[in-house]
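For reference, the structure is listed below as structure tokens.
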Amino acid sequence: MENVLDIIKTRRSIRNFEDREVPQEILAQLLEAVRWSPSWANTQCWEVIVVKDLEIKKKLQETMGKGNPATRAIVEVPIVIGICGKLQSSGYYKGEVTTKFGDWFMYDVGLATQSLCLTAHALGLGTVIAGLFDHDKAKAVLQIPEGIELVSLIPTGYPAKGTGAPKRREVSEFTHYDRY
Ligand SMILES: Cc1cc2nc3c(=O)[nH]c(=O)nc-3n(C[C@H](O)[C@H](O)[C@H](O)COP(=O)(O)O)c2cc1C
């Protein structure tokens with residue numbers, strides 16, 4: 001197995017893709033990665049929509065925010081993965097919020113998203129997480145019921161070309177020992 005840190009460090013947001021299908025067994029591994037992600041009290045609040053239909057992708061593309069660099073990728077890729085979260089589950093106990101942060105669904109779907117994107121990268125696929133779009137319009141396009149929110153759209157396919165890594169803060173800039 002490749003070093004996990006190498007996988008984490010070499011994953012990039014990919015916005016240009018080859019015209020090449022993603023085999024079902026590869027997709028199955030991405031979904032398996034979501035399945036084994038950690039979640040609040042193992043609530044597993046994620047729901048995943050795999051979009052392959054070009055007409056639906058075109059409708060999703062119309063919901064993308066102005067100037068979003070991932071807009072073209074939505075219709076270029078073989079699959080767009082919609083990551084959704086069930087509300088009032090993560091962070092709740094017997095129907096009541098348990099922390100000052102309320103609903104933890106964004107946290108849990110974020111973890112699941114990272115599992116998916118790292119697994120995709122380890123399998124030679126590229127992904128870009130898109131969060132800047134009209135969530136209500138996209139939710140309607142995907143016919144998502146009340147109580148479930150679409151959080152991100154992840155165009156997924158084989159990368160056409162690599163991109164450089166955007167600069168990161170140094171570890172020393174964000175790490176605190178003992179006190180902030
Ligand atoms: C929650 C979230 C939302 C994002 N939304 C978008 C987006 O709408 N469009 C886009 O092109 N990239 C989007 N990105 C990708 C980031 O721009 C990217 O991860 C960041 O610039 C670091 O680059 P890297 O992923 O190549 O390391 C998003 C990333 C995250 C985590």
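Counting starts at 1 for both ligands and their atoms, following the listed order. Numbers for residues simply follow the sequence, beginning at 1.
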Practice item. State whether a side-chain donor-acceptor pair under 3.5 Å links H121 with T127. Key: no
Check your understanding: Using a distance-only test with no angle check, is there a side-chain donor-acceptor pair under 3.5 angstrom linking W46 and S37?
Key -> no
Review point. Just wondering, more than 12 heavy atoms not from D6 lying within 6.0 Å of its CG?
Key: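 Counting other residues, nucleotides and ligands, CG of D6 exceeds 12 neighbours.
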Point to revise | Any donor-acceptor N/O pair, T98 side chain to G91 backbone, under 3.5 Å | key: yes
Check your understanding: Taking the side chain from N68 and the backbone from A130, do they hold a donor-acceptor pair closer than 3.5 Å?
Key -> no
Review point. Has R20 got its NZ or CZ under 6.0 Å from the middle of the six-membered ring of Y158, at an angle within 45 degrees of the ring axis?
Key: yes
Exercise for review: Enumerate the protein residues lying less than 4.0 Å from ligand 1, judged by heavy-atom distances, in chain and residue-number order.
Suggested key: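 If the criterion is a heavy atom under 4.0 Å, then ligand 1 touches R11, R12, S13, R15, N68, P69, A70, V128, I129, A130, G131, L132, P166, R168.
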